[in-house]
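Report on the following structure.
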Amino acid sequence: MNKLEQCAQCGSDKIQRFENQTRKIPFRTATKVKWFELSGLSYEKCLDCGEEYLSPEDIAIENQKLNEVLQKERMKKGLLTASEIKEIRKELGYSQDELDKLLGFGARSFARWETYRADQSRAADLLLRALKRGGKKLLKEIISEQKAEKKDAA
Ligand SMILES: [Zn+2]
């Protein structure tokens, strides 16, 4: 790991690397900012002005640890994890936006569920689990059901 030579903010060369630290990290959901205490984080800090610097590797580790706690939180609620939802969607063969529309969810629903920006409702979770088992065949049935309803309403 090559250490930063000079602070980009104040020009100081007093840059210190901190390894394996425990820190509170903010995560912005669709509605609020949540804070998580994560350990095993590394960063560099300018001792003169306090500016912090994270290498791409430091950022990747922070993101991975954040993802782990968000995943645990989702599982504790008994809901599908982000990667499980993504897997189900990929198996069905649609983009996030396409599936939002096809299933009648609000815009950006899948995008938020797959990044922990929002939790899916229990009803959505049940539907996704059903789609995991029923696959494309069930999705087709749901879509044709919606079309029939629209026709009836017209
Ligand atoms: Zn500085």
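Computed from a predicted structure; not experimentally measured. Counting convention: from 1, in listed order, for ligands and their atoms alike.
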Quiz item: Are the charged groups of Lys72 and Glu68 less than 4.0 angstrom apart, N to O?
Solution: no
Exercise. Give a yes-or-no answer on whether the side chains of Thr81 and Gln71 include a donor-acceptor pair shorter than 3.5 Å.
Key: no
Exercise. Might you confirm whether atom NZ of Lys34 has over 12 heavy atoms from other residues, nucleotides or ligands at distances under 6.0 Å?
Key: yes
Quiz item: Distance-only, no hydrogens or angles: does the Gln6 side chain make a donor-acceptor pair with backbone N or O of Gly11 under 3.5 Å?
Solution: yes
Quiz item: Is any protein N, O or S atom closer than 2.8 Å to the Zn ion (ligand 1), and if so, which?
Solution: Cys7 SG, Cys10 SG, Cys46 SG, Cys49 SG
Exercise. Would you list the pairs meeting ring-ring contact (aromatic ring centres under 6.0 Å, His included) in which at least one residue belongs to residues 30-69, sequence neighbours left out?
Key: Phe18-Tyr43
Practice problem: Please determine, by modelled atom types, if Gln96 and Arg112 share a side-chain donor-acceptor pair under 3.5 angstrom. | Solution: no
